[in-house]
Colleague: 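Got a structure for you, written out below as structure tokens; questions coming shortly.
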Amino acid sequence: TAFIIGFLIYTISTALSLPGGLILSLSMGLVFGRWAGTVLIVLAATLGATLVFLAARYIFADMARKKIGGLAQKINEGFTKDAFNYLLFLRLVPLFPFWLVNLAPAFTNVSLKTYVTATAIGILPGTFVFANLGQNLGRISSTKELLTPGILGAFVLLGVFALIPVLYKKYKAKA
């Protein structure tokens with residue numbers, strides 16, 4: 001039952017675009033461990049994101065497209081042509097807030113299957129990093145334990161993950 005409660009809390013939090021995803025992810029790693037926590041987070045975040053996507057697509061998309069006008073059509077064409085790769089990039093490289101990446105594709109013709117697949121795959125690495133960090137932080141009982149290989153490894157993974165946008169910008173600048 002704890003897994004189901006955690007799943008529901010994470011799904012609802014994501015669907016309502018509530019702040020605190022980092023704290024929730026660390027908590028799920030702490031409570032369920034890195035592996036089960038990662039599975040829970042990926043499933044719940046993907047479901048929550050999908051609910052946002054569907055709500056936006058069927059409630060707000062037509063109105064938003066009309067307001068944006070011709071620009072919306074150009075964005076839609078470019079995004080839809082290579083939707084999986086665009087979405088995967090947006091999920092892997094945390095340049096934009098999660099809630100924005102949940103909403104924006106709803107205003108394009110990207111398929112639900114592509115959206116769900118790219119979301120689940122794209123959030124997996126970051127999810128693992130945070131669930132792993134949550135599990136390792138949960139093992140600390142004194143300040144001396146902050147320098148264990150598990151904790152240091154978790155922080156290294158977090159640092160590498162945080163550098164992805166910087167490395168991407170440098171790569172794009174050279175290209």
Colleague: Report the distance from atom CZ of Phe128 to atom CH2 of Trp35, rounding to the nearest 0.5 Å.
Modeller: 4.0 Å
Colleague: Which value, rounded to the nearest 0.5 Å, describes the distance between Thr14 atom OG1 and Asn102 atom CG?
Modeller: 7.5 Å
Colleague: Does Ile5 share a hydrophobic cluster with Ile23, counting links as ILVMFWY side-chain heavy atoms below 4.5 Å and allowing steps through other members?
Modeller: no
Colleague: Does any part of the side chain of Leu30, heavy atoms only, come nearer than 4.5 Å to the side chain of Leu137, both counted from C-beta?
Modeller: no
Colleague: Work out which heavy atom in Leu92 is nearest to a heavy atom in Gly122; give both atom names and the distance.
Modeller: CD2-O, 3.5 Å
Colleague: Among Thr119, Leu87, Leu112, which one satisfies side chain to side chain contact (heavy atoms under 4.5 Å, CB included) with Pro105?
Modeller: Leu87
Colleague: With side chain to side chain contact (heavy atoms under 4.5 Å, CB included) as the criterion, how do Phe53 and Val110 come out once you've worked through the C-alpha distance, each side chain's angles and the decisive distance to 0.1 Å?
Modeller: CA-CA 10 Å; Phe53 172 83; Val110 63; 3.8 Å; yes
Colleague: Please examine the side chains of Leu100 and Leu90, heavy atoms only from C-beta on, and report whether any two atoms are closer than 4.5 Å.
Modeller: no
Colleague: Is there a side chain to side chain contact (heavy atoms under 4.5 Å, CB included) between Arg91 and Ile121 once you walk through the steps?
Modeller: CA-CA 8 Å; Arg91 294 298 190 191; Ile121 293 170; over 6 Å; no
Colleague: Membership question, hydrophobic clusters at under 4.5 Å side-chain separation (ILVMFWY): are Val39 and Ile9 in the same one?
Modeller: yes
Colleague: Ser13: which residues meet the side chain to side chain donor-acceptor pair (under 3.5 Å) condition with it, sequence neighbours left out?
Modeller: none
Colleague: Mind telling me whether Phe3 and Phe32 have parallel, tilted or perpendicular rings, with 30° and 60° as the class edges?
Modeller: perpendicular
Colleague: Out of curiosity, Ile12 CD1 to Phe7 CZ, how far, rounded to the nearest 0.5 Å?
Modeller: 10.0 Å
Colleague: Between CG of Leu54 and OH of Tyr115, what distance do you get to the nearest 0.5 Å?
Modeller: 8.5 Å
Colleague: Quick one: closest heavy-atom pair of Ile123 and Ala45, and the distance?
Modeller: CD1-CB, 3.7 Å
Colleague: Below 4.5 Å, heavy atoms only, C-beta onward: do Ser25 and Thr127 meet side chain to side chain?
Modeller: no
Colleague: In Å, rounded to the nearest 0.5 Å, how long is the span from OG1 of Thr80 to OH of Tyr86?
Modeller: 10.0 Å
Colleague: Can you confirm whether Ile4 is buried at CD1, in the sense that more than 12 heavy atoms of other residues, nucleotides or ligands lie under 6.0 Å from that atom?
Modeller: no
Colleague: To the nearest 0.5 Å, what is the distance between CD on Glu77 and CG on Asp82?
Modeller: 14.5 Å
Colleague: Quick check on the hydrophobic clustering: are Leu103 and Leu51 connected, directly or via other members, by side-chain heavy-atom contacts under 4.5 Å?
Modeller: no
Colleague: Side-chain heavy atoms nearer than 4.5 Å, only ILVMFWY residues, links allowed to pass through others: does that put Ile41 and Leu24 together?
Modeller: yes
Colleague: Are Arg34 and Phe130 in a cation-pi contact, defined as NZ or CZ under 6.0 Å from the six-membered ring centre and within 45° of the axis?
Modeller: no
Colleague: What is the minimum heavy-atom distance between Thr46 and Ala120, and which atoms define it?
Modeller: OG1-CA, 3.6 Å
Colleague: If you look at every heavy atom in Ala131 and Thr38, which pair is closest and at what distance?
Modeller: CB-OG1, 3.5 Å
Colleague: Are Phe98 and Leu88 linked, directly or through other ILVMFWY residues, by side chains that come within less than 4.5 angstrom of each other?
Modeller: no
Colleague: Determine whether the side chains of Thr114 and Ser111 contain a donor N or O and an acceptor N or O closer than 3.5 Å.
Modeller: yes
Colleague: Show the numbers, then the answer: is there a side chain to side chain contact (heavy atoms under 4.5 Å, CB included) between Val52 and Trp99?
Modeller: CA-CA 8 Å; Val52 171; Trp99 63 267; over 6 Å; no
Colleague: Restricting to non-hydrogen atoms, name the atom on Tyr10 and the atom on Gly21 that form the minimum distance, rounded to 0.1 Å.
Modeller: OH-O, 3.7 Å
